[in-house]
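To start, the structure itself, in structure tokens.
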Amino acid sequence: MVYNRYRAQIVVRSILIFATIAVAIWLFLSGGFVVTAILLGVITIVQIGLYVRYSERTERDLVRFFNAIAYDDFEENFRSNRTVESRNLNAAFANIIGQFRRVRGQREAHYRYLKAIIDHAGTGLIAFDRDGRVDLANHSALRLFDLDHLTNIKQLDPKAPGIVEILSSINANERRIQRLTNSYGMTEVVIDAIKFRRENNLLTLISLQNISTELEAREVETWQLILRSITHEIRNSMTPIASLATTAISYLDTPKQLANDPEIVSDVKLALSTIEQRSQGLLRFCDAYRTLAQVPAPRLKEESMLAIFEHIRSCFQAQFRQHSIFHFFSVDPPDMSLMVDIDLIEQVMINLIANAMEAMENRSDKRIEVKARSDDFGNIIVEVSDNGPGLKTDVEAKIFVPFFSTKKEGSGIGLSLSRLILRQHNASITVESIPNQRTTFTIVFPASLNLHSQKQSTENSNFISTQ
């Protein structure tokens, strides 16, 4: 409607100007109406001026409107009472500007809401660009480093030497654990990173999760379990030792009877033999504890996952055949390689497979599957599965605790040692069990150890399967 009125105004004004010019020319050529012709000429000039002013007024309103949108100036006023057309046009402009103003208000409210959530999150968040300029730093992150504000990550170095290098070099989806010291004391944080682009600017978003409280709680719980296990083991060994020692001493109080009674001599020998056996058992227990405390640092070297699997399979080949265990090994892709200490990693694999074989001891259909693959982030996933009786929920929660064992003759250090070895490789191990169906131990090696993560393989997976 506004456009139709504007067009009608243009047409009418153009016709009037044309008609005025035509009449003025006719009167001038007639010769008798020169003054009237001149007057019409002046009127024509006035009409042209009004025509130009009318056109420019609309153009100015359009320019103001587009500038208001371009510069987010939604406080511009387009109310006008000059003409009906101008009022309608400006009313349309004002309506659009009002819509923009409402959208901006909603956007700002949403931004303030998200900012409040980020600022009050318990996890520290820092986002920075290639030059270290900080785009975001919430209160939790500032509190970790005892800072009031943060404009560049270089400000963190005096607070935590070496942290800038860690934050700058950390890869996307990589996880690291770092110890920080602030006014609250020593703090352990887990550092995660993701990278994203915003307006052609590559940003790194770092999350800093304070795990000190959780670690302390777990540490206390672990020590309690360790102490209970040690106390139980020592008490079980010392009780018969003390009893037999008392018995032997009582026999020695009557040396004549000891010399004349072969049965008493036999009892003394048995007591001393039992004391020796239990003492040896305590020594073995102490050696097992020392094993956990003296795991060597890994010597990393490029190793083929396929070669590791083939060697492990050959180690158990005779036992697989003897106990009729169906076994299935797979590596995908087959040329997967990683930086590990092969001796330590093979020890982990041997522990897991040996445990799986023992778990299936009473089953007729025994099956072990060992698989290696890469996930979408370049991490290497190794799964060791068996179809044994599985683990109860309470056992599953304690399975990696040192000296905890479900076996009568078990030392309880195999899985603890395995987890310690994997932690030294920055890897992790978890267990998932469905009773009487399946138990799977999952090892995750980080992408930083995966030498195949930068390559693209089109070959088929390699499978090794033997009945």
Side-chain angles (χ1 to χ4, degrees), residues 225 229 232-233 236 281 284-285 288 291-292 305-332 334 344-373 375 380-422 427-445 461-467:
L225 289 170
S229 299
H232 177 74
E233 185 71 21
N236 285 347
R284 287 194 297 271
F285 177 79
T291 299
L292 279 178
M305 183 61 76
L306 185 60
I308 294 175
F309 275 19
E310 287 178 340
H311 182 255
I312 296 297
R313 185 178 67 90
S314 65
C315 291
F316 286 96
Q317 187 65 47
Q319 292 172 274
F320 287 154
R321 188 181 299 109
Q322 178 183 354
H323 298 286
S324 301
I325 298 176
F326 177 84
H327 55 284
F328 178 80
F329 287 67
S330 71
V331 180
D332 182 18
L344 295 178
I345 294 303
E346 286 186 350
Q347 183 61 51
V348 172
M349 299 299 299
I350 288 172
N351 285 343
L352 294 179
I353 294 175
N355 286 345
M357 292 174 60
E358 292 180 12
M360 298 185 299
E361 187 176 2
N362 298 322
R363 292 189 68 94
S364 57
D365 55 331
K366 302 172 183 177
R367 182 183 181 92
I368 291 178
E369 296 182 4
V370 184
K371 301 178 182 179
R373 59 181 174 83
D375 65 10
I380 292 178
I381 312 298
V382 177
E383 297 174 329
V384 180
S385 304
D386 66 73
N387 62 339
L391 301 171
K392 296 180 180 178
T393 304
D394 58 335
V395 173
E396 188 175 332
K398 303 174 184 177
I399 198 70
F400 295 107
V401 174
F403 305 108
F404 176 83
S405 177
T406 58
K407 296 175 286 187
K408 293 182 179 179
E409 302 299 327
S411 64
I413 68 166
L415 290 176
S416 303
L417 181 62
S418 298
R419 185 169 67 169
L420 184 57
I421 290 172
L422 292 170
S428 63
I429 182 170
T430 56
V431 63
E432 182 179 4
S433 183
I434 303 176
N436 299 315
Q437 293 187 33
R438 188 180 188 87
T439 298
T440 301
F441 285 86
T442 302
I443 300 172
V444 180
F445 292 97
S461 302
N462 188 73
F463 296 96
I464 308 169
S465 179
T466 305
Q467 182 76 37

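For reference, positions follow the sequence shown, starting with 1. No experiment lies behind these values; they were computed from the predicted model shown.
- For the pair L391 and T439, the tightest heavy-atom approach, listed with the atom from each and the gap, is N-OG1, 4.2 Å.
- The shortest side-chain heavy-atom distance between M360 and N387 falls under the 4.5 Å cut-off.
- In this structure, CD1 in I443 is found 5.0 Å from CG in L422, a value given to the nearest 0.5 Å.
- The two residues A356 and I368 make their nearest non-hydrogen contact at CB-CD1, 4.0 Å.
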Stepwise side chain to side chain contact (heavy atoms under 4.5 Å, CB included) test for F316 and M357: CA-CA 10 Å; F316 286 96; M357 292 174 60; 3.5 Å; yes
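- A359 and P389 get closest at one heavy-atom pair: O-CD, 2.9 Å.
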CA sep, side-chain torsions, deciding dist, call: F320, K366, side chain to side chain contact (heavy atoms under 4.5 Å, CB included): CA-CA 9 Å; F320 287 154; K366 302 172 183 177; over 6 Å; no
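- Between F445 and A427, the shortest heavy-atom distance links the atoms CD2-CB, 3.8 Å.
- If you take OG on S433 and CG on D386, they are separated by 8.0 Å, rounding to the nearest 0.5 Å.
- When the options L352, V348, N351 are evaluated for a side-chain contact (heavy atoms from CB on, under 4.5 Å) with F441, the one that passes is L352.
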H327/Q319 under side chain to side chain contact (heavy atoms under 4.5 Å, CB included): CA gap, chis, key distance, verdict: CA-CA 11 Å; H327 55 284; Q319 292 172 274; over 6 Å; no
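- In summary, of the residues considered (K371, E383, E432), a side-chain contact (heavy atoms from CB on, under 4.5 Å) with T442 occurs for E383 alone.
- Exactly one of I312, N355, I345 qualifies for a side-chain contact (heavy atoms from CB on, under 4.5 Å) with I350. That residue is I312.
- Between D365 and R363 there is a salt bridge, with a side-chain nitrogen of the basic residue lying less than 4.0 Å from a carboxylate oxygen of the acidic one.
- From F326, atom CZ reaches atom CZ of R367 across 4.5 Å, with rounding to the nearest 0.5 Å.
- Atom CD1 of I325 is separated from atom CD of E361 by 10.0 Å, given to the nearest 0.5 angstrom.
- With a 6.0 Å radius and a threshold of 12 heavy atoms from other residues, nucleotides or ligands, H311 has its NE2 atom at or below the threshold.
- Between the CD atom of E346 and the CZ atom of F309 there is a distance of 11.0 Å, given to the nearest 0.5 Å.
- Here CD1 of I308 is found 8.5 Å from CE of M349. Values are rounded to the nearest 0.5 Å.
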